[in-house]
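This report refers to the structure that appears directly beneath it.
Protein chains get the first letters and strands the later ones, always in sequence-line order, with residue 1 at the start of each.
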There are 2 protein chains.
Amino acid sequence: MRVGVSDQKLRTAVKSAKQAPRSDRRAQRADRTTDAAPMVNLKKLTGLAGYLIRQAQLWVFQDFNATLEPLDLRPVQYSILTIIGDNPGLSQMALSQILGIVRSGLVPLLDGLEGKGLIRRMPSASDRRSHALHLTAEGQHFLARADALVQEHEKRLIKKVGARGHKELLDILKVFGRR
Amino acid sequence: MRVGVSDQKLRTAVKSAKQAPRSDRRAQRADRTTDAAPMVNLKKLTGLAGYLIRQAQLWVFQDFNATLEPLDLRPVQYSILTIIGDNPGLSQMALSQILGIVRSGLVPLLDGLEGKGLIRRMPSASDRRSHALHLTAEGQHFLARADALVQEHEKRLIKKVGARGHKELLDILKVFGRR
DNA sequence: CGATATTGTTCATCTAGTGAACTGTTCGAG
DNA sequence: CTCGAACAGTTCACTAGATGAACAATATCG
C-alpha cells in the first residue's frame with residue numbers, strides 16, 4: 001500500500017562535484033579503460049519510459065532548484081504563484097485539485113507564500129467558506145523575476161534534449177497535463 | 001535551500017473516482033458547458049517541459065503502483081532488484097550512486113528486501129568492508145513476476161502516449177539515463 | 001427550516017531523505 | 001612495516017512533506 005520515493009534529496013546541485021574522479025577502483029570487474037565508469041548494466045531500466053521520466057524529473061528539479069535558488073523558490077511554489085497569477089480568485093479547493101495534493105497539505109504552502117507577502121487570501125464574495133487567492137503587487141514582481149529564471153532553466157533543458165527534442169517532448173507529454 | 005515536493009501521495013490510483021462529477025459548480029466563473037471542467041488557465045505551466053515531466057511522472061508512479069500492488073513493490077524497490085539482477089555482486093555504494101540516494105538511505109531499503117528474502121548481502125571477496133549484493137532464487141522468481149506486471153504498465157503508458165510517442169520519448173530522454 | 005455537504009484548518013501519524021558520528025577495513029606515504 | 005587518512009556500511013536525530021480524521025463555519029437543497 002505504501003508508496004513513496006520522494007524528491008527531497010534534490011538540493012542545490014552542488015553535489016555533482018562531490019565524489020572526485022578517484023579512479024573509481026574496484027567497481028565490479030575493474031576495466032581500467034574509461035576510468036570513471038563503474039561498468040554497470042542498466043539497459044533494462046533505461047528501456048522503460050517510466051525510469052527515464054523519473055531520471056529526467058530528477059534533473060529538472062535539481063536544475064530548477066539551482067536556478068531559482070536566489071529566490072529560494074521551489075517547483076510547487078512556483079506552480080502555485082503561476083496558477084494564482086493566471087487565475088486570480090481561485091479557491092484553495094480548486095488549487096489543491098490542480099496540484100494533486102490534499103487540501104490540508106496546501107495550507108502550510110499558502111501560509112509560507114502569504115508570510116512572504118506574495119499572495120493574499122481574500123474573502124470570497126460568493127462563498128464565505130472559501131478564500132479567493134490573489135497575488136499581491138509584490139507577488140507579481142516576484143513572479144516576474146522567477147519567470148526570468150525559469151526561462152533560463154528551460155533553456156538549459158532545451159540544450160540538454162535539443163530544440164527538436166524539446167518540441168516533441170511538449171507534444172508527447174501534453175496528454176498528462178491536467179485539463 | 002530546502003527542496004522537497006515528494007511523491008508520497010501516489011497511492012493506488014483508486015482515488016480518481018473520489019470526488020464525483022458533482023457538476024463542479026462555482027469553479028470560478030462557472031461556464032456550464034463542459035460541466036466538469038473548472039475553467040482554469042494552465043497554459044503557462046503546460047508550456048514548460050519540467051511541469052509536464054512532473055505530471056507524467058505522477059501518472060507513471062500512480063499507474064506503476066496500482067499495477068504492482070499485488071506484489072507490493074514500489075518503483076525504487078523494482079529498480080533495486082533489477083539493477084542487482086543485472087549486476088550481481090554490486091556494492092551498496094555503487095548502487096546508491098546509481099539510484100542517486102545517500103548510502104545511509106539505502107540501508108532500510110535493502111533491509112526490507114532482504115527481510116522478504118529477495119536479496120542477500122554477501123561478503124565481498126576483495127574488500128571486506130563492502131557487501132556484494134545478490135538476488136536470491138526467490139528474488140529472481142519474484143523479479144520475473146514483477147517484470148510481467150511492469151510490461152503491463154508499460155503497455156498502458158504506450159497506449160497513453162502512442163507507440164510513436166513512446167519511441168520518441170525513450171530516444172529523447174535517454175540523455176538523462178545515468179551512464 | 002433543517003439535514004447534509006463543503007471549505008479551510010488543525011493535528012497525529014507516516015514515509016523518506018539527510019548529515020553527523022561510529023566501527024571495521026583498506027590504502028598508501030614515509 | 002606502520003600509521004594516518006580514506007572509505008563502506010550502519011545507526012541516529014532531524015527534517016520535509018503527505019495523509020486522513022475531526023472540527024467550526026458556511027452553504028445547499030429537500
What is the distance, rounded to the nearest whole Å, between atom CD1 of B:Ile101 and atom C1' of C:dT15?
13 Å
Side-chain-base donor-acceptor pair under 3.5 Å for B:Arg129 and C:dT26
no
Please report, rounded to the nearest Å, how far the P atom of D:dT10 is from the CG atom of B:Leu95.
12 Å
Nucleotide D:dA25, atom P - distance to NE2 of A:His131 in whole Å
13 Å
A:Asp171 side chain vs A:Lys167 backbone, donor-acceptor pair below 3.5 Å:
no
Touch class at under 4.0 angstrom, heavy-atom based, for A:Arg103 against every strand present:
base
Roughly how many Å is it from CD in A:Gln97 to P in C:dT6, rounded to a whole number?
11 Å
Do A:Arg121 and A:Gln92 pass the side chain to side chain donor-acceptor pair (under 3.5 Å) test, and can you show the C-alpha distance, the side-chain angles, and the key distance before you say yes or no?
CA-CA 9 Å; A:Arg121 292 186 241 222; A:Gln92 297 186 195; 3.1 Å; yes
Hey, is the side chain of B:Ser104 pairing donor to acceptor with the base of D:dG9 inside 3.5 Å?
no
Short side-chain N/O contact from B:Arg128 to OP1 or OP2 of D:dA8, under 4.0 Å
no
Strand contacts (DNA chain D) in residues 107-122 of chain B, 4.0 angstrom heavy-atom criterion:
B:Val107, B:Arg121
Does the pair B:Thr82 and B:Ser79 meet the rule for a side chain to side chain contact (heavy atoms under 4.5 Å, CB included), with working shown?
CA-CA 5 Å; B:Thr82 299; B:Ser79 298; 5.8 Å; no
Would you name the heavy atoms of B:Gly117 and B:Thr136 that are closest together and state the gap between them?
O-OG1, 2.6 Å
When you measure from the side-chain N and O atoms of A:Gln92 to the phosphate of C:dT6, is any distance below 4.0 Å, counting only OP1 and OP2?
no
How would you list, by chain and number, every residue that makes a salt bridge (Lys or Arg N to Asp or Glu O under 4.0 Å) with B:Asp86, sequence neighbours excluded?
none
Non-hydrogen atoms of A:Ser91 and A:Ala94 that approach each other most closely
OG-N, 3.1 Å
Side chain of A:Val102: nearest nucleotide among D:dG9, D:dT19, C:dT7?
D:dT19
Quickly work out the A:Leu106 CG to D:dG20 P distance and round it to whole Å.
15 Å
Partners of A:Arg156 by salt bridge (Lys or Arg N to Asp or Glu O under 4.0 Å), sequence neighbours excluded?
A:Asp63
Return the nearest nucleotide to the side chain of A:Asp127; candidates are C:dT18, D:dT26, C:dG8.
D:dT26
